[in-house]
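Since the structure comes first, as structure tokens, the remarks are kept for the end.
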Amino acid sequence: MNQNLSEQELVRRENLQKMIDLGIEPYPSATFPVTHTSKEIHEGYETNKEGYKEVCIAGRLMSRRIMGKASFAEIQDSTGKMQVYVSRDDICDGEDKTLYNQVFKKILDLGDFIGIKGYAFVTQTGTLSIHVTELTILSKSLKPLPITKTDADGKVYDEVTDPEFKYRQRYVDLTVNPEVRETFVQRSKMINAMRNFMTERGYLEVETPVLQPMYGGAAARPFKTHHNTLDTTFYLRIANELYLKRLMVGGYDGVFEFAKDFRNEGMSRFHNPEFTMMELYVAYKDYEWMMDFTEEMVEYVAMAVHGTTDVQVGENVISFKRPWKRYTMYGAIEHFTGIDISEMDEAGLRDTAKGLGIHIEKSMGKGKIIDEIFGEKCEHLLIQPTFITDYPVEMSPLAKKHKTKPGLVERFEGICNAKEICNAFSELNDPIDQRNRFEEQLELGKRGDEEAMQLDEDYLRALEYGMPPTAGIGIGIDRLAMIITNQKSIQDVLFFPQMKPEQTVPPQTESE
RNA sequence: GGUCGGUUAGCUCAGCUGGUAGAGCAACGCCCUUUUAAGGCGUGGGUCCUGGGUUCGAACCCCAGACCGGCUACCA
């Protein structure tokens, strides 16, 4: 293994040994009494110079400019960078100048974690800095970081842009690209805001099984696994919908879960095999109520993350200010194509789709054709948040039939930046109707639809005991995060997006 | 799944019609002996993704494979 080390890695190992020879522990276990972050000092110093007479910060050494007895360096902590000024005689009290001459100037490498104690001041050139009085080594770095540098003209050197490098070694990406760290901070703020919003309204955050004997609640192919003791097949959940609705049968007023779901399907800019879905169910409400709730929550989220309802996304500014635009699905199609399809039969729809240049498979039913027309002619035009309501019943086996419109269900999707971000309905709680819908799905399955739902007897049993009228929603957290953080790919809002394993070692043989 | 493109130093990248490897940053050394704005000079560093083939000669051409990416398809 050692013969594979690069020159720079060898130098760092030599420095590590020198450190040990000098009696310095390169990986000390003691706590380090950090008092400030670099951000706090940058923000607070101007108005409270006296407050920073003694500060203690810690982080990675990111640059070093040595000029004889005095040096400047930059330390990066979780909040940003801080320049520090190191003067030989200030960190080395007596005759022994080893700490400065050897340790600071030679043995430290960029990327090492150090802690410093000192006082804040402003240099002659106007840069807020910490004058170091004590320097402590906290952790030695043995691999060179691709640290970016920016010159006086604003030209950036060595920025890591290779997606493979960024995703496989996210720890490096996070270290050298502060804006990547910030993206994930925003994602976390977004999720916290949603959690607060729902918890304040009295809804209960719950956890339901990831390993399910029968997958359901969505149309997708699952991952399959096996439990040894029970000698049973389990599936990684594709949704948690049916479990949350069982809890509604159990009597809660509202339950929600931020759930990792798994779908064994293609990968793209918008799809990762595991992804996060927030599902919420509220008793004694319908989908109209849920639309109001959703736009209020997303508006709240935008305010919590950005302090405004206007968010820059790519070339567009998206406004999450209520109310959002609402179209029925037929209304949207009429609006964007000028064609009223509401009274058409399947043959008429087929001709209409052909006329619009949309490819229609023979196997497609009425609902699927309508969905196809919408997808081709409307969805990509919906940049500002928009609700599309009242979907064909064939596509929605878990949604309640519409109060007044035959053939439709009480369902809406939220579309934003041309992508679906949520899907909601008045939940079907009629156990007899639900059984019929499941049986229709079984028929689809027999005809070869790999994504058709299974018939879940236990779920039907639960419904037979009675579920209150309930509104439910699923929000694609990763997709919403892409919009809220202005990222083009789902991989940029997941710390560790799924990739093929690196083949650095021969593939392991199966063994247990 | 289809298709197009990519893979060269620790990082970002050049490399012509095939002639045997380059830059900047980083590293190392020296200078500067000091409140800097990538400070100056120098040195080292390569399995050109892998395996075959063509050729006197391959980073470059051909074949196969690996991995990555863009479009596209699938995906309620």
Side-chain angles (χ1 to χ4, degrees), chain A residues 4-12 14-15 63-74 83-88 105-106 109-111 121-127 129 131 141-169 172 176 217-221 238-239 241 263-273 275 329 359 367-368 370-372 374-375 379 388 391-392 394-399 409 411 413 419-420 422-425 441 449-453 474 476 488-489 491 499-504 507:
Chain A
N4 294 330
L5 292 176
S6 70
E7 179 200 6
Q8 295 192 41
E9 289 173 302
L10 289 170
V11 166
R12 283 167 183 251
E14 283 165 22
N15 284 339
S63 73
R64 193 171 37 164
R65 296 182 293 278
I66 295 170
M67 290 155 289
K69 284 181 287 191
S71 302
F72 287 90
E74 276 182 310
Q83 174 166 283
V84 299
Y85 170 66
V86 183
S87 152
R88 186 188 70 188
K105 279 170 68 173
K106 311 261 189 196
D109 289 301
L110 297 190
F121 75 109
V122 175
T123 65
Q124 281 181 358
T125 52
T127 303
S129 306
H131 188 123
S141 163
L142 295 180
K143 278 179 103 66
L145 283 170
I147 293 174
T148 59
K149 297 189 75 164
T150 308
D151 70 14
D153 301 329
K155 191 178 176 198
V156 179
Y157 292 83
D158 296 344
E159 186 177 16
V160 173
T161 52
D162 175 18
E164 183 176 3
F165 189 108
K166 285 164 68 75
Y167 301 147
R168 287 205 195 276
Q169 302 189 47
V172 174
V176 301
R221 277 173 291 167
I238 58 173
E241 170 156 355
R263 296 186 185 176
N264 204 343
E265 294 177 341
M267 291 162 66
S268 77
R269 206 152 71 78
F270 296 100
H271 300 84
N272 196 65
F275 63 100
M329 179 158 261
H359 180 70
K368 189 71 189 162
I370 293 169
D371 188 50
E372 206 62 28
F374 176 78
E379 193 170 29
I388 303 296
Y391 283 66
E394 299 91 326
M395 301 161 55
S396 315
L398 300 168
V409 290
R411 169 176 172 187
E413 288 191 1
K419 274 282 161 187
E420 174 197 344
C422 63
N423 181 21
F425 16 93
Q441 289 291 309
D449 185 344
E450 286 184 79
E451 296 182 341
M453 287 185 190
K488 286 197 291 288
S489 167
Q491 295 173 302
M499 300 181 92
K500 279 202 182 179
E502 268 183 296
Q503 295 210 323
T504 50

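Convention: sequence-line order gives letters A, B, ...; per-chain numbering from 1.
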Does a side-chain heavy-atom distance below 4.5 Å link [X] with [Y]?
X         : Y         : value
Tyr85(A)  : Thr123(A) : no
Lys143(A) : Arg12(A)  : no
Ile370(A) : Met329(A) : yes
Asp109(A) : Asn15(A)  : yes

Is there a Watson-Crick or G-U wobble partner for [N] with both distances under 3.5 Å, and which nucleotide is it?
N       : result
rC49(B) : rG65(B)
rU20(B) : none
rU54(B) : none
rA14(B) : none
rU33(B) : none
rG42(B) : rC28(B)
rU3(B)  : rG70(B)

Proximity to the side chain of [X] - top-ranked nucleotide from [options]:
X         : options                   : value
Glu420(A) : rA76(B), rC11(B), rC68(B) : rA76(B)
Gln8(A)   : rC74(B), rG10(B), rC11(B) : rG10(B)
Pro397(A) : rC11(B), rG69(B), rA76(B) : rA76(B)
Glu413(A) : rC67(B), rC28(B), rA76(B) : rA76(B)
Gln491(A) : rG69(B), rU36(B), rA76(B) : rG69(B)
Tyr85(A)  : rU36(B), rU35(B), rA76(B) : rU35(B)
Thr127(A) : rC67(B), rA76(B), rU36(B) : rU36(B)
Ser268(A) : rA76(B), rA73(B), rG69(B) : rA73(B)
Thr123(A) : rC30(B), rU35(B), rC28(B) : rU35(B)

No-hydrogen, no-angle side-chain donor-acceptor test under 3.5 Å, Arg64(A) and Ser71(A):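 Judged by distance alone, the side chains do not pair up.
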No-hydrogen, no-angle side-chain donor-acceptor test under 3.5 Å, Arg411(A) and Ser396(A):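 There is such a pair between these side chains.
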N/O (side chain, Arg168(A)) to phosphate O (OP1/OP2, rC68(B)) under 4.0 Å: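 The answer is yes; a side-chain N or O of Arg168(A) sits under 4.0 Å from OP1 or OP2.
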rU33(B) phosphate, OP1 or OP2, under 4.0 Å from Lys69(A) side-chain N/O: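 For rU33(B), OP1/OP2 do not have a side-chain N/O of Lys69(A) under 4.0 Å.
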Separation between CD of Glu413(A) and CD1 of Ile388(A), rounded to the nearest 0.5 Å: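 Spacing of CD (Glu413(A)) from CD1 (Ile388(A)) equals 8.5 Å.
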For [N] and [M], measure between their [atom1] atoms and round to the nearest Å.
N       : M       : atom1 : value
rA9(B)  : rG46(B) : C1'   : 6 Å
rG51(B) : rC67(B) : C1'   : 15 Å
rU33(B) : rG39(B) : P     : 16 Å
rA14(B) : rG24(B) : P     : 16 Å
rA26(B) : rG44(B) : C1'   : 13 Å
rG42(B) : rA59(B) : C1'   : 29 Å
rU20(B) : rG57(B) : C1'   : 8 Å
rG22(B) : rG45(B) : C1'   : 13 Å

For the pair made of [atom1] in [X] and [atom2] in [N], what is the distance, rounded to whole Å?
X         : N       : atom1 : atom2 : value
Arg12(A)  : rA27(B) : CZ    : P     : 8 Å
Arg269(A) : rA73(B) : CZ    : C1'   : 15 Å
Arg64(A)  : rG39(B) : CZ    : P     : 14 Å
Tyr167(A) : rG69(B) : OH    : C1'   : 9 Å
Leu10(A)  : rG44(B) : CG    : P     : 17 Å
Glu14(A)  : rC28(B) : CD    : C1'   : 10 Å
Lys166(A) : rC11(B) : NZ    : C1'   : 13 Å
Lys488(A) : rC71(B) : NZ    : C1'   : 15 Å

Side chain Gln83(A) and base rU36(B) donor-acceptor under 3.5 Å: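 Checked by distance alone, the answer is yes.
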Aromatic ring of Phe72(A) stacked on base six-ring of rU35(B), 5.5 Å, 30°: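 Here the ring of Phe72(A) and the base of rU35(B) are not stacked, as the 5.5 Å and 30° limits are not both satisfied.
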Just call it for [X]: base, sugar-phosphate, or nothing, with non-hydrogen atoms closer than 4.0 Å on any strand.
X         : value
Ala219(A) : base
Phe425(A) : nothing
Arg263(A) : nothing
Met267(A) : base
Asp162(A) : sugar-phosphate

Least distance between heavy atoms, Glu265(A) atom then Arg221(A) atom: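 Taking Glu265(A) first and Arg221(A) second, the nearest heavy atoms are OE2-N, 3.3 Å.
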Minimum heavy-atom distance between Met395(A) and Gly367(A), given as atom pair plus value: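 Taking Met395(A) first and Gly367(A) second, the nearest heavy atoms are SD-O, 3.2 Å.
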Given RNA chain B, 5'-ward residue of the pair Lys500(A) and Ser489(A), judged by closest heavy atom: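 Comparing both residues, the 5'-ward one is Lys500(A).
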